[in-house]
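Convention: sequence-line order gives letters A, B, ...; per-chain numbering from 1.
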Number of protein chains: 4
Amino acid sequence: MKPKDEGKIAEIYAATLVLVKEQGLAGITMSMIAKKAGFATGTVYIYFANKEELIVKLFEKCSTDYANDYFAGYDPSSPFKVAFHTIWMNMLRYSIEHFDELVFIEQCFHSPFITDETRKATKERLLPWRELIERGKKEKLIKQLDASWIMLFVRGSVRDLVKHCTYNQLKITDTFKESLFEMCWDGIKD
Amino acid sequence: MKPKDEGKIAEIYAATLVLVKEQGLAGITMSMIAKKAGFATGTVYIYFANKEELIVKLFEKCSTDYANDYFAGYDPSSPFKVAFHTIWMNMLRYSIEHFDELVFIEQCFHSPFITDETRKATKERLLPWRELIERGKKEKLIKQLDASWIMLFVRGSVRDLVKHCTYNQLKITDTFKESLFEMCWDGIKD
Amino acid sequence: MKPKDEGKIAEIYAATLVLVKEQGLAGITMSMIAKKAGFATGTVYIYFANKEELIVKLFEKCSTDYANDYFAGYDPSSPFKVAFHTIWMNMLRYSIEHFDELVFIEQCFHSPFITDETRKATKERLLPWRELIERGKKEKLIKQLDASWIMLFVRGSVRDLVKHCTYNQLKITDTFKESLFEMCWDGIKD
Amino acid sequence: MKPKDEGKIAEIYAATLVLVKEQGLAGITMSMIAKKAGFATGTVYIYFANKEELIVKLFEKCSTDYANDYFAGYDPSSPFKVAFHTIWMNMLRYSIEHFDELVFIEQCFHSPFITDETRKATKERLLPWRELIERGKKEKLIKQLDASWIMLFVRGSVRDLVKHCTYNQLKITDTFKESLFEMCWDGIKD
DNA sequence: GATGAATGAGCCTTCATTCAT
DNA sequence: CATGAATGAAGGCTCATTCAT
């Protein structure tokens with residue numbers, strides 16, 4: 001279990017994500033993952049103690065990456081709407097580009113692998129996002145609702161739109177992105 | 001002679017939904033389902049040829065019920081916003097009351113059990129909902145965007161809010177419901 | 001287990017024989033037998049305590065019937081070759097007409113159902129046949145070999161010929177029967 | 001790396017043959033086979049996709065081996081009776097030495113595993129044997145009957161004699177072998 | 001470290017048998 | 001008696017995990 005080769009871990013992760021997207025968590029086996037990643041079953045056990053560890057670590061990696069990407073180019077000192085727009089667009093872009101991670105996280109949520117603790121840790125990573133929402137409320141730019149509700153309203157709508165586009169292989173143009181943003185913004189603005 | 005007790009099907013369904021909510025599709029077995037439902041493993045096979053059939057049939061039942069409930073009390077001749085409000089509230093209420101079905105459907109989407117065909121059939125059941133959206137567009141009450149996008153925007157946000165509430169055991173008061181409705185409405189209105 | 005209706009037993013037997021011929025002992029179930037016979041699974045258990053009893057009783061019935069038929073029209077006082085011919089023809093005819101019994105007995109021989117005891121009882125039913133062979137030996141008409149060997153030589157060749165004809169749906173004409181008889185007779189005659 | 005040990009296949013075959021001889025096809029399970037062969041159940045599935053494949057492949061192996069052995073030491077250019085004697089003795093010896101294969105083939109014939117196709121392939125392997133019989137007919141040494149009938153007459157009688165000896169643990173002496181050969185020969189000779 | 005054959009617990013499914021109707 | 005739904009032990013097969021090479 002001494003990961004000499006970080007590259008292999010990445011390949012295992014990638015293989016897992018693709019398989020879960022295609023078959024769901026219920027449909028994958030360790031040997032499928034190994035095969036897809038291009039090496040023997042036993043090799044996976046050099047990097048992960050067992051299946052659960054693999055799933056949990058991947059889950060954590062996904063949710064960390066996801067959260068980090070949210071804040072790419074985010075400047076807390078910029079005006080609220082600009083900041084909000086930045087993060088919203090990150091969210092959309094990341095969800096599209098990392099659709100398999102989206103699916104994986106969703107499937108994990110109701111699996112025996114993920115504990116409440118892990119689930120909660122996920123939330124904490126989005127603290128800056130929550131703080132931004134609170135700032136918006138303070139600046140009276142958005143509705144005076146619980147920040148969680150605003151966040152979920154935004155993320156939920158983005159998520160379903162991305163799923164729809166991916167399943168139906170639709171291209172999301174910039175014009176469309178702005179229309180969607182507008183829906184979200186109109187929904188929450190005061 | 002003991003006639004086939006169709007009520008057992010409902011019990012099997014109920015047991016399955018609870019278990020999938022708690023453990024995910026990946027975590028359930030036929031014997032768990034039988035045990036939860038209160039009878040022997042073999043009994044499940046009197047009503048369903050195999051695990052896949054059970055999952056698929058339950059999926060179809062859920063998506064049918066879900067769609068039907070959308071339109072409870074829906075009067076197509078009422079003013080657009082009233083009609084929209086009715087359906088929106090149904091959606092919210094059903095998602096809350098049948099949270100396990102929500103989870104089940106979500107888990108099935110990326111499982112080896114559900115085919116594209118089954119997935120598509122689901123959509124068709126929501127035709128009146130789509131027609132209403134189109135009417136709203138025609139009446140210039142809502143944004144001139146693809147109806148699918150509007151529908152997904154609405155459903156996605158509702159879904160994530162319901163999930164959040166359920167996981168955190170929050171009570172959803174009527175005031176809150178109306179606030180949420182307002183977010184959705186503001187998001188889509190022209 | 002009080003067989004009020006002997007007819008049902010016959011139907012169960014008939015169904016079993018057909019199924020074993022088609023699928024082998026390894027391929028049949030109690031419900032298949034019941035279905036083929038035309039009634040419910042449970043009904044079979046009114047007439048037979050369990051599967052083993054059904055198989056064993058049918059086996060005994062078959063071997064009894066088989067043995068009895070051997071001696072139809074057999075007159076111990078007739079000349080040896082005439083008597084031998086009579087029994088030989090009976091053997092051939094019965095094997096053809098009751099091919100499924102032939103197969104059933106063969107399949108049972110190496111099954112967990114039939115005990116050595118049952119197997120031995122089968123032999124004893126052919127005592128008159130053995131006695132006739134001994135008489136032939138005494139009359140110096142046939143070879144001075146162990147009677148068992150003569151009997152097996154005769155029965156074995158008949159059996160394989162019948163199997164071949166049945167599998168290939170060949171008709172066995174009287175001329176052919178006589179040719180076959182001649183082979184057997186030439187083989188054993190002194 | 002531990003390479004696939006093809007020797008295991010032979011062990012699986014041997015275990016299967018012994019078990020089928022003792023219990024019949026109806027009485028064996030995959031775990032019994034694995035246990036008898038000396039390894040875990042799952043191991044059998046490394047070498048055979050499922051039970052059917054194991055049975056079918058073993059059947060084909062047995063019938064090939066059986067056919068090949070028929071012709072050990074067979075010289076087509078030797079006089080007819082010599083050639084016939086060689087093959088006949090091979091048949092007898094092989095049936096005695098490989099009694100479990102004999103039983104296995106017999107049990108398979110009426111099983112759900114063996115198809116007509118497989119059954120027919122078996123026959124083709126005995127072509128040289130058939131040709132020899134035809135030659136005997138042409139040389140007017142044996143009766144002018146269908147070659148199949150001659151072949152079955154010979155094999156059938158040998159088979160039942162071998163079965164009898166094996167069940168009753170009789171030793172077959174060379175004198176006896178020759179007596180039996182004589183019965184067969186007298187039966188078919190012109 | 002890497003491999004993949006070997007292991008055996010556990011899952012899906014069948015089926016002999018029981019039992020309520 | 002007859003029925004066939006219900007039962008649960010047992011069989012076929014899978015797959016997470018181990019281990020010899």
Lys8(A) NZ/CZ over Phe39(A) ring centroid, <6.0 Å and within 45° of normal: yes

Spatial distance of atom CZ (Arg125(A)) from atom CD (Glu60(A)) [nearest 0.5 Å]: 6.5 Å

Lys4(D) side-chain N/O to dA6(E) phosphate OP1/OP2 under 4.0 Å: no

Heavy-atom side-chain proximity of Lys21(C) to Phe99(C) below 4.5 angstrom: yes

Pairwise 5' ranking along DNA chain F for Ile46(B) and Thr43(C), keeping only the more 5' one: Thr43(C)

Integer-rounded Å distance: dA6(F) C1' and Ile12(B) CD1: 12 Å

His110(B)/Phe104(A) aromatic ring centres below 6.0 Å: no

Glu117(B), CD: over 12 other non-hydrogen atoms inside 6.0 angstrom: no

Leu102(C) vs Thr166(C) side-chain heavy atoms within contact, under 4.5 Å: no

For atom CG of Asp5(B) and atom C1' of dC19(E), their distance in whole Å: 16 Å

Show the distances under 3.5 angstrom between N or O atoms of the protein and N or O atoms of nucleotides 16-18 of chain E.
{"from": "dA16(E)", "atom 1": "OP1", "to": "Lys51(C)", "atom 2": "NZ", "distance (Å)": "3.0"}
{"from": "dA16(E)", "atom 1": "OP2", "to": "Met30(C)", "atom 2": "N", "distance (Å)": "2.5"}
{"from": "dT17(E)", "atom 1": "OP2", "to": "Tyr45(C)", "atom 2": "OH", "distance (Å)": "3.1"}
{"from": "dT17(E)", "atom 1": "OP2", "to": "Lys51(C)", "atom 2": "N", "distance (Å)": "2.8"}

Nearest-nucleotide comparison on DNA chain F, the residue closer to the 5′ end among Ala40(B) and Phe39(C): Phe39(C)

Interatomic distance where CG belongs to Leu25(D) and P belongs to dG11(F) [whole Å]: 15 Å

Atom pair distance, as rounded to whole Å: CG in Leu19(B) and P in dC11(E): 13 Å

Between Ser95(A) and Arg159(A): side-chain donor-acceptor atoms closer than 3.5 Å: no

Rounded distance (Å) that lies between atom P of dC13(F) and atom OH of Tyr47(D): 18 Å

Interatomic distance where CZ belongs to Phe48(D) and C1' belongs to dT14(F) [whole Å]: 18 Å

Integer-rounded Å distance: dA10(F) P and Met32(D) CE: 14 Å

Flag side-chain contact, heavy atom, 4.5 Å: Asp116(B) against Arg119(B): yes

side-chain N/O Lys8(A) vs dG1(E) OP1/OP2, d < 4.0 Å: no

Whole-Å distance separating the CD atom of Gln23(D) from the P atom of dG11(F): 11 Å

Single hit among Tyr45(C), Phe48(C), Tyr47(C) for side-chain contact (heavy atoms from CB on, under 4.5 Å) with Glu53(C): Phe48(C)

Stem list, DNA chain F (Watson-Crick or G-U pairing under 3.5 Å, at least 3 consecutive pairs): E:2-21 with F:2-21

